[in-house]
There are 2 protein chains.
Amino acid sequence: MDGSLDELSDVAGALADPVRREILAMLRHTPLAAGEIARAFPVSRPAVSRHLRVLRESGLVRDEPAGRQRLYTLVPSGITRLAAWLGQFDAPPGWEQRLDALGTEVRRARRDRTAAPRAVDHDSEERSA
Amino acid sequence: MDGSLDELSDVAGALADPVRREILAMLRHTPLAAGEIARAFPVSRPAVSRHLRVLRESGLVRDEPAGRQRLYTLVPSGITRLAAWLGQFDAPPGWEQRLDALGTEVRRARRDRTAAPRAVDHDSEERSA
DNA sequence: GGAACACGTAACCCACTGGTTACGTTTTGG
DNA sequence: CCAAAACGTAACCAGTGGGTTACGTGTTCC
């Protein structure tokens with residue numbers, strides 16, 4: 001069974017570990033056996049084995065027996081789904097400006113607070129544009 | 001202080017929680033006060049407050065005092081960085097074929113390994129530092 | 001000044017995570 | 001047939017995460 005009911009959480013959770021990210025990077029172009037993967041990290045082989053399980057259960061890799069080894073292959077659909085979710089934050093035009101405005105705003109707000117320790121009258125105009 | 005030495009882990013970790021993802025979605029177009037955000041979820045307000053802290057420490061949002069409220073604003077750079085990392089998995093053309101060729105690859109890998117049992121020599125791009 | 005409000009934080013619980021060592025299982029091969 | 005190889009899994013432990021309730025602090029407003 002898959003396990004979680006929230007695929008994005010599983011994918012993001014899997015990606016939250018540097019070892020697992022590097023494993024994925026290793027599998028980017030070619031499938032690899034568990035042992036080969038494990039040999040690339042300073043942690044114990046069982047530890048890597050569990051990282052592989054996390055990746056498997058999140059759907060990011062698929063494993064296939066190959067003799068007495070087990071080959072791991074990247075399955076990019078999860079990555080695609082997460083990338084799609086991230087895509088919703090793609091600049092709805094006027095984005096760069098907004099960033100610039102934010103920077104200014106912060107600086108201004110800080111100055112205001114330092115100079116005049118009373119009520120902030122920041123009235124953010126940054127949302128208006 | 002930022003805290004973690006691995007920004008991508010922080011970002012992915014923050015995204016691994018559905019509540020935090022929804023908070024980000026809420027902030028996509030407009031800044032919101034902590035209370036407004038908290039009201040949108042069934043969990044207690046302190047719980048949301050800590051979610052906001054995680055988002056803040058991962059650099060995904062910035063907060064700014066506004067009277068007796070605290071305004072949270074989306075900071076998209078982290079999302080961009082993660083999206084960029086995901087981008088390395090974009091089909092380097094010929095991907096489908098590669099899956100087909102998996103069987104062959106397996107056999108070849110086995111032979112290689114039998115002949116030379118040494119470590120993987122994949123190109124690692126994610127610096128461990 | 002003092003009540004009410006909008007927060008963040010502390011203390012506490014329980015579930016999960018990531019590491020380890022020890023072990024079980026299947027496949028290879030002399 | 002039996003030893004070694006290549007795995008996954010179990011048991012254990014320290015640390016973290018997310019939830020709760022209780023509390024402290026700064027702002028507003030009368």
Side-chain angles (χ1 to χ4, degrees), chain A residues 3-6 9-10 12-23 31-58 61-72 109 112-113 116-123, chain B residues 3-4 6 9-10 12-23 31-58 61-72 106-107 109-120:
Chain A
S4 171
L5 294 136
D6 188 344
S9 294
D10 286 348
L15 262 38
D17 188 288
V19 170
R20 289 192 292 260
R21 279 201 308 279
E22 179 131 1
I23 291 176
L32 288 175
E36 297 181 281
I37 298 171
R39 239 170 271 127
F41 296 95
V43 299
S44 70
R45 194 185 50 73
V48 173
S49 187
R50 282 209 317 204
H51 280 304
L52 288 172
R53 168 155 61 175
V54 172
L55 289 171
R56 200 187 318 137
E57 287 173 348
S58 74
V61 303
R62 174 171 23 122
D63 63 328
E64 177 201 355
R68 57 178 165 181
Q69 343 197 51
R70 189 156 273 261
L71 282 198
Y72 282 84
D112 284 357
R113 209 171 321 116
R118 33 178 293 239
V120 200
D121 108 282
H122 75 297
D123 230 31
Chain B
S4 170
D6 188 344
S9 293
D10 285 348
L15 261 40
D17 188 287
V19 170
R20 289 193 291 259
R21 279 202 308 278
E22 178 133 0
I23 291 175
L32 288 175
E36 297 181 278
I37 298 171
R39 237 170 274 123
F41 297 94
V43 298
S44 71
R45 193 185 50 72
V48 173
S49 186
R50 281 211 317 201
H51 280 305
L52 287 172
R53 168 155 61 173
V54 171
L55 289 171
R56 200 186 319 135
E57 287 172 348
S58 73
V61 304
R62 181 186 20 217
D63 63 327
E64 178 199 356
R68 56 179 166 180
Q69 332 198 61
R70 188 157 274 260
L71 283 197
Y72 282 85
V106 169
R107 222 165 299 115
R110 267 194 5 94
R111 176 173 50 72
D112 285 357
R113 212 167 314 110
T114 316
R118 63 169 205 277
V120 203

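Below, chains carry the letters A, B, ... as their sequence lines are ordered, and counting in each starts from 1.
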Hey, is the main chain of Leu15(B) close enough, under 3.5 Å, to the side chain of Arg21(B) for a donor-acceptor pair?
yes
Judged by atom type as modelled, is there a donor-acceptor pair below 3.5 Å linking the side chain of Glu36(A) to the main-chain atoms of Ala33(A)?
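A pair under 3.5 Å: yes.
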Whole-Å distance separating the [atom1] atom of [X] from the [atom2] atom of [N]:
| X | N | atom1 | atom2 | result |
| --- | --- | --- | --- | --- |
| Arg21(A) | dG18(C) | CZ | C1' | 15 Å |
| Leu52(B) | dA6(C) | CG | P | 16 Å |
| Leu71(A) | dT27(C) | CG | C1' | 14 Å |
| Leu32(A) | dA6(D) | CG | P | 15 Å |
| Phe41(B) | dT20(D) | CZ | P | 13 Å |
| Arg53(A) | dA10(D) | CZ | P | 7 Å |

Under 4.0 Å: is that the gap between some side-chain N or O of [X] and OP1 or OP2 of [N]?
| X | N | result |
| --- | --- | --- |
| Gln69(B) | dA6(C) | no |
| Arg70(A) | dA6(D) | no |
| Ser49(B) | dG8(C) | yes |

Measure the shortest side-chain to side-chain distance between Ile37(A) and Leu52(A) over non-hydrogen atoms and say whether it is less than 4.5 angstrom.
yes
Min side-chain heavy-atom separation Asp63(A)-Tyr72(A) under 4.5 Å:
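Yes. Closest side-chain heavy atoms under 4.5 Å.
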Protein proximity profile, nucleotides 14-19 of chain D - base contact B, sugar-phosphate-only contact S, no contact -, cut-off 4.0 Å on heavy atoms:
----BB
Set of side-chain contact (heavy atoms from CB on, under 4.5 Å) partners for Arg20(A), sequence neighbours left out
Ala14(A), Asp17(A), His51(A), Val54(A), Leu55(A)
Just call it for [X]: base, sugar-phosphate, or nothing, with non-hydrogen atoms closer than 4.0 Å on any strand.
| X | answer |
| --- | --- |
| Tyr72(B) | sugar-phosphate |
| Arg45(A) | base |
| Ala33(B) | sugar-phosphate |
| Pro46(A) | base |

Please determine whether side-chain contact (heavy atoms from CB on, under 4.5 Å) holds for the pair Asp6(A) and Asp10(A), giving the CA-CA distance in whole Å, both sets of side-chain angles, and the decisive distance to 0.1 Å.
CA-CA 7 Å; Asp6(A) 188 344; Asp10(A) 286 348; 5.9 Å; no
Euclidean distance, Arg56(B) CZ relative to Ser49(B) OG, rounded to 0.5 Å:
7.0 Å
Could you please name the option among dC7(D), dG8(C), dG26(D) that lies closest to any side-chain atom of Arg68(B)?
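Ranking dC7(D), dG8(C), dG26(D) by closest atom to the Arg68(B) side chain puts dG26(D) first.
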